[in-house]
Engineer: 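Structure incoming, see below.
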Amino acid sequence: MSELRLMKGNEAIAEAAIRYGVDGYFGYPITPQSEVMETLMELRPWETTGMVVLQAESEIASINMMYGGAGCGKKVMTSSSSPGISLMQEGLSYLAGAELPCVVVNVVRGGPGLGTIQPAQSDYSQAVNGGGHGDYNLIVLAPSSVQEMADFVELAFELAFKYRNPALILSDGMIGQMMEKVELKAQKDRMSDQELAEKYPWATTGKPSSRERNIITSVELDPYAFERFNHKVQAKYKQMHKEDVRFEQFQCEDAEYLLVAYGSSARICQKSVQLLREKGIKAGLLRPITLFPFPGVELDKLAGQVKGMLAVELSAGQLVRDVRLAVNGKVPVEHFGRMGGVIHSPEEVVEALEKNFLKG
Amino acid sequence: MSELRLMKGNEAIAEAAIRYGVDGYFGYPITPQSEVMETLMELRPWETTGMVVLQAESEIASINMMYGGAGCGKKVMTSSSSPGISLMQEGLSYLAGAELPCVVVNVVRGGPGLGTIQPAQSDYSQAVNGGGHGDYNLIVLAPSSVQEMADFVELAFELAFKYRNPALILSDGMIGQMMEKVELKAQKDRMSDQELAEKYPWATTGKPSSRERNIITSVELDPYAFERFNHKVQAKYKQMHKEDVRFEQFQCEDAEYLLVAYGSSARICQKSVQLLREKGIKAGLLRPITLFPFPGVELDKLAGQVKGMLAVELSAGQLVRDVRLAVNGKVPVEHFGRMGGVIHSPEEVVEALEKNFLKG
Amino acid sequence: MNEEIIIAGFGGQGVLSMGKILAYSGVMQGMEVSWMPSYGPEMRGGTANVTVILSDNRISSPILRKYDTAIILNQQSMDKFEQTVKPGGLLVYDGNGITRHPERDDINIYRVDAAEEASKMQSAKTFNMIVLGGYLKINPVVTMENVMNGLKKSLPERHHHLLPLNEAAIKRGTEIVKEIATV
Amino acid sequence: MNEEIIIAGFGGQGVLSMGKILAYSGVMQGMEVSWMPSYGPEMRGGTANVTVILSDNRISSPILRKYDTAIILNQQSMDKFEQTVKPGGLLVYDGNGITRHPERDDINIYRVDAAEEASKMQSAKTFNMIVLGGYLKINPVVTMENVMNGLKKSLPERHHHLLPLNEAAIKRGTEIVKEIATV
Amino acid sequence: MALEVKDIIKPENLVYAKTKLLTERMMHYCPGCTHGVVNKLIAEVIDELNIQEDTIGVTPVGCSVLLYNYIEIDWHEAAHGRAPAVGTGIKRLRPDKYVFTYQGDGDLAAIGTAETIHACNRGENILMVFINNGIYGMTGGQMAPTTLEGMKASTCPFGRDVEHDGRPLNMTSIVATLPGTCYVTRQAAHTAPAVRKLKKSLRKAFENQKNKKGTSFIEVVGTCSSGWKMNPVQSNKWMEANMFPIYPLGDIKDV
Amino acid sequence: MALEVKDIIKPENLVYAKTKLLTERMMHYCPGCTHGVVNKLIAEVIDELNIQEDTIGVTPVGCSVLLYNYIEIDWHEAAHGRAPAVGTGIKRLRPDKYVFTYQGDGDLAAIGTAETIHACNRGENILMVFINNGIYGMTGGQMAPTTLEGMKASTCPFGRDVEHDGRPLNMTSIVATLPGTCYVTRQAAHTAPAVRKLKKSLRKAFENQKNKKGTSFIEVVGTCSSGWKMNPVQSNKWMEANMFPIYPLGDIKDV
Amino acid sequence: MAKVRGAIVVDTVTCKGCSLCVESCPTDVIRLAAEVNAKGYNYAYMENPEACIGCANCAMVCPDSCITVYKVKVAEAV
Amino acid sequence: MAKVRGAIVVDTVTCKGCSLCVESCPTDVIRLAAEVNAKGYNYAYMENPEACIGCANCAMVCPDSCITVYKVKVAEAV
Ligand SMILES: Cc1ncc(C[n+]2csc(CCOP(=O)(O)OP(=O)(O)O)c2C)c(N)n1
Ligand SMILES: Cc1ncc(C[n+]2csc(CCOP(=O)(O)OP(=O)(O)O)c2C)c(N)n1
Ligand code: SF4
Ligand code: SF4
Ligand code: SF4
Ligand code: SF4
Ligand code: SF4
Ligand code: SF4
Ligand SMILES: [Mg+2]
Ligand SMILES: [Mg+2]
């Protein structure tokens with residue numbers, strides 16, 4: 001039975017995780033996401049669904065506990081914020097290298113360094129293009145509301161297991177800390193160990209005589225074999241781009257100018273589109289929901305229609321690179337962003353668009 | 001007095017560091033770069049130049065020891081390989097956030113995960129676009145010979161101190177492990193503490209009554225102040241792009257097709273250019289030496305001249321993104337790369353170019 | 001309907017929960033709502049604030065720089081937020097500890113001396129509900145019925161016996177709020 | 001001049017240092033050189049190999065798939081590298097422990113039984129120098145003078161008293177190398 | 001005739017004033033926080049030893065992250081848990097300086113465990129100050145490695161369950177076993193006598209550093225009234241009753 | 001008349017053979033490496049306890065990284081130093097399985113210090129096997145935290161200088177002080193009696209796990225002939241003479 | 001016989017009203033004010049100034065270094 | 001009184017010639033061969049087969065599990 005509640009994005013993630021039947025959560029406190037673990041500890045799911053919740057000694061321990069749980073075929077997740085996610089980069093590369101599904105939440109704050117605890121979107125490149133070493137990508141989902149914080153837990157796990165690849169929910173301090181109403185789904189059962197063994201034949205369950213031993217590993221010392229592995233992984237990414245790109249369009253049908261923004265920035269841009277339309281400027285918004293796989297094809301289509309695109313993000317310019325790569329010079333792509341925890345207003349976006357495309 | 005020697009790239013780095021007057025090295029063993037620290041320990045520079053060499057308990061400890069040393073205005077460096085560099089991402093973000101100059105060497109091996117210890121170039125995106133959290137960049141230099149391994153130690157420090165920004169030397173297992181002849185420069189003196197205090201007024205030296213206290217930090221809780229900081233950092237990056245882009249051109253004058261490659265891959269491509277020219281195909285090679293700042297302007301110029309570009313790298317396609325962004329659709333940019341520790345032959349590059357641009 | 005409110009005061013004055021009750025009341029009334037607190041260690045300093053938006057439409061940014069209404073509960077917050085009220089907007093404040101009263105002449109200013117009243121009622125915890133009552137009197141964005149529903153939803157079950165006390169405090173607030181200036 | 005050589009055998013046979021001496025000899029002769037070892041824990045398995053390139057021109061890749069010359073010192077390396085010699089190229093091997101001798105008929109094959117000779121000379125350490133002598137006899141890419149200079153450069157000072165012994169070993173290699181097949 | 005207060009308050013009668021090494025900046029800590037007391041004592045000791053120009057401090061990530069705003073010396077703000085590594089980097093390159101780190105229990109005993117142990121094991125010639133308030137103050141009161149059995153925190157709202165989370169970790173007794181440490185002590189800062197003792201320990205630690213004796217390690221058992229959800233006075237009482245039995249005060253090692 | 005060898009070599013006379021839990025894969029270790037012996041013993045114990053289907057192992061980064069190629073059970077290969085965290089993740093989610101980690105001294109006592117201490121402190125109900133050969137074998141013989149004073153390694157080619165690098169770190173005695181460990185022992189594997197004892201310890205550790213007693217921690221003092229630059233026989237002698245005094249064999253804790 | 005008299009000055013702007021000084025005073029000199037300062041804290045003040053012996057206990061435990069202490073020796077008033 | 005006779009079989013393909021078995025044998029049964037196997041190792045073999053008592057010490061210490069041990073009780077040849 002679903003339920004309507006007012007809650008923080010961070011709380012919604014925790015509630016949704018329990019209801020979806022997540023098996024384990026490992027985490028370490030950091031602002032602005034500590035409510036995820038706090039909510040779980042308050043709700044004590046180990047007494048109801050059997051979900052394990054453990055406070056690890058660090059983010060590095062968290063991500064490696066994830067590696068243990070995920071290798072067993074369990075649905076495991078962690079959450080952190082920017083500096084903590086940086087510490088997980090080796091672990092994420094290992095998870096990708098061992099083809100393990102799992103979900104990591106980054107409630108982004110402003111960097112670099114210890115920086116600020118206010119919202120930012122400056123971890124886009126890390127999330128999307130390569131924080132850790134080696135040729136791999138995470139599946140990256142960008143929620144823009146508390147409802148999506150809840151909903152994307154399920155979506156992230158579904159994609160992670162479909163592709164045997166870690167998924168990252170790229171949120172930020174605004175979405176994590178704000179309360180909105182959210183409809184929580186009904187409780188699902190966790191998967192039994194038996195069902196798991198059938199559905200995920202790669203998982204370590206203890207080796208029965210009926211199968212070869214399962215080995216969760218990312219080592220391959222033979223370069224040719226390792227290159228084959230890499231090709232296989234790249235093929236997965238191709239498939240993702242075919243089958244699992246998600247985005248939302250807002251007033252794009254007749255748009256002459258396109259805002260491209262995700263997450264919290266996209267919420268604000270929606271208002272900017274309204275304001276622009278009130279001024280008689282035909283603006284639209286494309287909001288990538290999957291940042292990887294990126295909706296490049298869609299943007300390329302829109303490039304044939306619009307006169308210019310403005311990538312709006314709470315950073316110095318990271319998303320804008322993917323937008324430019326997608327349209328490959330077909331239309332001018334400009335960037336607008338605030339940094340350091342400052343949130344742009346809808347009006348600033350309007351101004352930026354006008355300045356870039358309509359004046360001089 | 002300079003000296004001609006036959007040595008490994010890793011050894012050359014160590015020798016050059018001592019001769020340039022580096023103050024401290026902190027590191028943790030990992031193949032294929034352990035010779036850097038081993039050479040230093042063998043040479044015992046603490047008895048000659050006074051350089052400190054310490055084996056840390058981990059890469060995380062290394063990068064944070066760097067943070068300590070660099071904050072004192074000292075010339076400190078570390079080296080590692082891919083998984084170890086992933087562990088340094090938080091620390092690198094802090095170093096960038098505290099505007100500390102230092103030099104990190106990544107002798108790249110194939111990933112993701114533990115992967116292989118054979119050479120690869122699959123950490124390009126991590127190095128150039130954002131391994132750690134927040135809007136920052138490293139200065140990235142890509143040596144393609146043992147000589148450059150030695151020479152870029154100095155160059156990296158000069159740039160790092162010019163901009164008060166960490167610099168990364170992006171090498172790989174091939175350059176690190178191979179021996180070539182190398183001309184080592186004469187020994188320089190290390191900077192005295194007094195000279196240091198004058199030249200680097202930001203460094204912690206113990207607070208004399210003559211100045212305000214120096215604080216090495218990356219925290220700024222006020223978003224507007226932190227945004228100003230971020231703008232300042234972005235301005236440095238702009239300046240780098242104006243003043244410190246470095247690249248090498250090889251037979252580009254009349255080139256109709258351009259190979260773009262760095263480091264070990266660029267060596268191989270040089271041979272490919274010869275082979276292509278022997279076949280009557282006017283090929284050239286642009287080798288970025290600074291990967292950040294990237295020689296995008298130069299590529300854009302060449303885009304007006306050539307019919308196509310092929311980015312050649314030991315990865316699934318990372319450098320190619322920067323090439324595409326630079327030419328912004330003016331010419332087709334294709335990618336060729338081997339992965340997992342496999343090194344492409346010059347002939348394979350020739351084939352790839354022909355296949356992409358000359359057949360069908 | 002679109003009402004953008006900042007509530008600001010000392011930590012411990014119940015700023016955040018007041019905002020939450022208001023937001024929940026909005027939910028009960030079928031509105032879109034957002035509640036966005038100041039967060040992190042700057043709260044150590046002893047101040048807290050929360051932005052609440054109640055709207056008939058999807059809400060874009062929950063973080064704002066200008067507000068329709070500011071509910072201000074100490075001097076620091078007065079200094080910080082008085083200028084952020086939109087012209088023609090509303091400022092409600094508690095006079096306790098205020099050394100510099102609001103000076104704007106382009107907004108509506110009301111005062112509700114809830115601290116005084118709470119100590120009279122011998123129930124410091126009802127302070128924020130008195131303020132809420134005062135605000136709702138001036139700007140009844142939600143019905144009292146929905147406020148009570150919202151209150152119920154945002155209080156844990158074990159505190160439901162306090163509902164009558166809170167209701168009384170809200171009522172009291174509607175009674176003691178006084179106009180200082182209107183435009 | 002461009003000579004691309006693979007030297008392969010057991011770890012402990014001095015494969016890497018033989019390559020280094022050859023490369024240093026090239027440096028002494030003013031050539032461009034590269035030396036690229038197999039590295040990492042696969043060496044645990046007990047095999048080692050090194051690619052040496054001597055050239056008049058700048059060297060592109062130090063890692064190759066085909067070689068002008070293969071110097072092969074055990075059966076495993078024979079299995080792995082025999083087919084990598086370019087047609088018309090050279091294969092030099094030590095017969096000790098070889099169970100399957102080279103079979104190619106499009107390359108030049110020489111044998112230098114250095115292990116046997118070293119044990120005769122009662123100096124196992126000179127094994128690799130004997131092999132080197134054998135190779136240089138067939139393909140004198142560097143002069144003996146430069147080899148000795150290279151040897152000096154690559155040995156630490158404290159081992160310089162071994163130079164005469166090594167020189168003798170190289171000489172011995174030039175004497176005992178025998179042709180098996182030529183094209 | 002009774003002396004008037006204004007007659008007592010004269011410069012010549014001054015017996016205690018805020019040390020000049022403390023800046024004018026008002027500390028951001030909650031009322032009654034132990035950090036404030038220890039920050040002040042460090043400033044006093046540096047002042048008294050007259051080593052201001054020769055001291056470099058390292059702050060952690062934790063409530064004391066901004067400690068650098070309060071004492072008039074040079075500072076490094078280290079990443080969470082890494083202060084011992086940062087301190088090592090500083091000291092190795094500036095062995096002529098006094099170097100100290102200042103860390104909370106989350107910082108030093110959770111994420112920074114490896115750095116703590118290895119700096120102490122190498123015997124880095126520095127002072128490490130360890131504020132054990134049994135909780136993650138800065139992030140809002142989560143369980144720390146040192147949180148007591150049954151003690152409530154936001155990530156153990158029903159009290160620390162040792163079956164689930166293990167028992168409180170005693171880092172100080174671990175580092176005392178390491179040959180690199182020369183002086184390991186556990187102190188408090190809640191009463192005047194405790195403050196006097198702690199100050200003595202701090203002075204001794206700086207002197208050890210002068211004498212190149214190795215790592216000095218001072219744990220201060222403290223309170224976090226915000227995290228503990230008690231007022232400062234209650235917190236001190238609770239600390240005496242509950243923390244001291246598990247973390248008994250006194251010198252553990254002094255060589 | 002003397003019995004012929006071929007008359008003895010008959011199935012009915014078999015007293016010792018490679019356990020069927022070991023795969024056909026030839027081990028990649030250098031001749032005489034302790035890893036080989038311990039790998040085998042673990043296989044034997046799992047076989048004898050008949051828990052193959054219920055055991056999940058965790059290999060480290062170190063020479064034993066490929067241990068998963070040798071024993072016929074399910075495996076996770078962990079990142080360098082993180083095996084205790086990986087083991088925690090497995091055990092918490094599969095408390096019905098036997099979980100053990102296997103780590104070298106670089107892995108467990110350097111980069112993995114925090115994970116080791118916290119898994120033991122939480123009392124994770126797992127077995128941790130710790131191969132202390134005093135060196136980083138896999139990467140070519142660098143100094144480890146456990147390298148002895150004066151002992152040579154590629155990053156201390158003139159011998160470990162305790163002034164510079166600190167004294168050898170005794171992780172086993174540290175974890176023995178933690179309340180989460182139930183069984184802590186130090187063993188060797190160089191002689192038949194040592195092997196027998198070690199096997200007993202391993203068996204006991206798995207039984208502890210069955211009885212949910214907490215963390216069992218078994219250090220095996222071993223050799224690395226490649227890193228030490230001695231042959232295997234010399235290595236064993238050197239180990240007895242030099243390692244055993246610093247890392248004395250025997251049970252340290254058994255509750 | 002000489003008696004000791006002390007006095008303290010509390011910086012009421014920075015005082016956070018934590019009461020630790022109140023607790024630490026051996027002679028019960030200090031109280032918290034009913035009024036709050038600009039930060040909203042009930043600051044400390046000398047309620048029984050005559051009792052102060054200038055021992056500085058209060059100042060020593062004050063986390064915010066708000067207390068300055070003065071002390072004089074006076075002839076005992078017989 | 002029964003005497004014990006043993007015998008071992010060494011897998012000479014996988015033997016790495018480490019000599020640990022040689023050292024561990026109480027009755028000095030084992031030696032390393034002069035020849036090497038395909039991996040280049042001087043493998044172990046029974047040099048004094050009569051002396052073997054089947055104690056399995058050699059097998060126990062063998063890192064590469066190359067040794068299989070057999071044992072019989074035989075009547076003492078008086
Ligand atoms: C890598 C990283 N992880 C987590 C955090 C969040 N964080 C900040 S302070 C802190 C712990 C503070 O507790 P403690 O060290 O005990 O200091 P206290 O605030 O109690 O003085 C944490 C987890 C961070 N800033 N960086
Ligand atoms: C993050 C990271 N750092 C460093 C390494 C390199 N590395 C591989 S194994 C190893 C240490 C091996 O030593 P030990 O743990 O003692 O195991 P041994 O080989 O001696 O059995 C190191 C440093 C790595 N793979 N990953
Ligand atoms: S949260 Fe706790 S530790 Fe932090 S300042 Fe407040 S009382 Fe002190
Ligand atoms: S290097 Fe050392 S630890 Fe590694 S396999 Fe060889 S002997 Fe064993
Ligand atoms: S101890 Fe200091 S801050 Fe606390 S009440 Fe007394 S004077 Fe005020
Ligand atoms: S100086 Fe001593 S007696 Fe006077 S107020 Fe302070 S604590 Fe009390
Ligand atoms: S112990 Fe095993 S590997 Fe070593 S020599 Fe004996 S049989 Fe061979
Ligand atoms: S079984 Fe015993 S006696 Fe026989 S060879 Fe082995 S160790 Fe020697
Ligand atoms: Mg704490
Ligand atoms: Mg080891």
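Chain letters run A, B, ... following the sequence lines, proteins first, then strands; residues in each count from 1.
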Engineer: Check each atom of Arg338(B) against the heavy atoms of chain A and say whether the ones under 4.5 Å are side chain, backbone, both or neither.
Structural biologist: both
Engineer: Counting heavy-atom pairs under 4.5 Å with chain B, which one of Gln89(A), His231(A), Glu90(A), Lys330(A) comes out on top?
Structural biologist: Glu90(A)
Engineer: So, Asp123(A) versus Asn106(A): side-chain donor-acceptor pair below 3.5 Å or not?
Structural biologist: yes
Engineer: Shortest non-hydrogen contact from Tyr28(A) to Gln33(A)?
Structural biologist: O-NE2, 3.4 Å
Engineer: Heavy-atom pairs under 4.5 Å with chain B are the metric here; pick the option from Ser125(A), Gly110(A), Gly131(A), Gly341(A) that has the most.
Structural biologist: Gly131(A)
Engineer: What residue in Pro112(A), Ala98(A), Gly111(A) has the most heavy-atom pairs under 4.5 Å with chain B?
Structural biologist: Pro112(A)
Engineer: Below 4.5 Å, heavy-atom pairs only: which of Arg324(B), Arg109(B), Gln318(B), Met88(B) has the largest tally toward chain A?
Structural biologist: Gln318(B)
Engineer: Going by atom types only, do Arg321(A) and Asn129(A) share a side-chain donor-acceptor pair under 3.5 Å?
Structural biologist: no
Engineer: Hey, can you tell me if Tyr262(A) and Tyr124(A) have their rings parallel, tilted or perpendicular (30° and 60° cut-offs)?
Structural biologist: tilted
Engineer: Please test Lys232(B) against Glu99(B) for salt bridge (Lys or Arg N to Asp or Glu O under 4.0 Å), starting from the C-alpha separation and ending with a verdict.
Structural biologist: CA-CA 11 Å; Lys232(B) 174 180 153 204; Glu99(B) 298 197 83; 2.6 Å; yes
Engineer: Tell me, side chain or backbone of Ala120(B) under 4.5 Å from chain A's heavy atoms, or both, or neither?
Structural biologist: neither
Engineer: Locate the shortest heavy-atom distance separating Gly113(A) from Pro83(A); write the atom from each residue and the value.
Structural biologist: O-CG, 4.1 Å
Engineer: Could you grab the distance from atom CD1 of Ile169(B) to atom CG of Leu138(B), nearest 0.5 Å is fine?
Structural biologist: 12.0 Å
Engineer: Where does Leu325(B) contact chain A at under 4.5 Å (heavy atoms): side chain, backbone, both or neither?
Structural biologist: both
Engineer: For each of Gly84(B), Pro223(B), Gly91(B), tally heavy-atom pairs with chain A at distances under 4.5 Å, and name the one with the top tally.
Structural biologist: Pro223(B)
Engineer: Out of Thr116(B), Val333(B), Val327(B), return the one with the most heavy atom pairs under 4.5 angstrom to chain A.
Structural biologist: Thr116(B)
Engineer: Among Ser81(A), Gly329(A), Ser82(A), which has the most heavy-atom pairs under 4.5 Å with chain B?
Structural biologist: Ser82(A)
Engineer: Can you say whether Glu59(B) sits under 4.5 Å from chain A via the side chain, the backbone, both, or neither, judging by heavy atoms?
Structural biologist: neither
Engineer: Rounded to the nearest 0.5 Å, how far does CZ of Phe292(B) lie from CG of Asp322(B)?
Structural biologist: 9.5 Å
Engineer: Select, from Gly115(A), Gly97(A), Gly317(A), the one with the greatest count of heavy-atom pairs under 4.5 Å involving chain B.
Structural biologist: Gly115(A)
Engineer: Below 4.5 Å from any heavy atom of chain A, which atoms of Ile60(B) appear? Answer side chain, backbone, both or neither.
Structural biologist: side chain
Engineer: Under a 4.5 Å heavy-atom cut-off, does chain A meet the side chain of Gln126(B), its backbone, both or neither?
Structural biologist: both
Engineer: I'd like to know which of Ile343(B), Asn230(B), Ile85(B) tops the heavy-atom pair count under 4.5 Å against chain A.
Structural biologist: Asn230(B)
Engineer: Provide the closest heavy-atom pair for Asn165(A) versus Lys236(A) in the form atom of the first, atom of the second, distance.
Structural biologist: OD1-NZ, 4.0 Å
Engineer: Please state whether the rings of His344(B) and Phe336(B) are parallel, tilted or perpendicular, taking 30° and 60° as the class boundaries.
Structural biologist: tilted
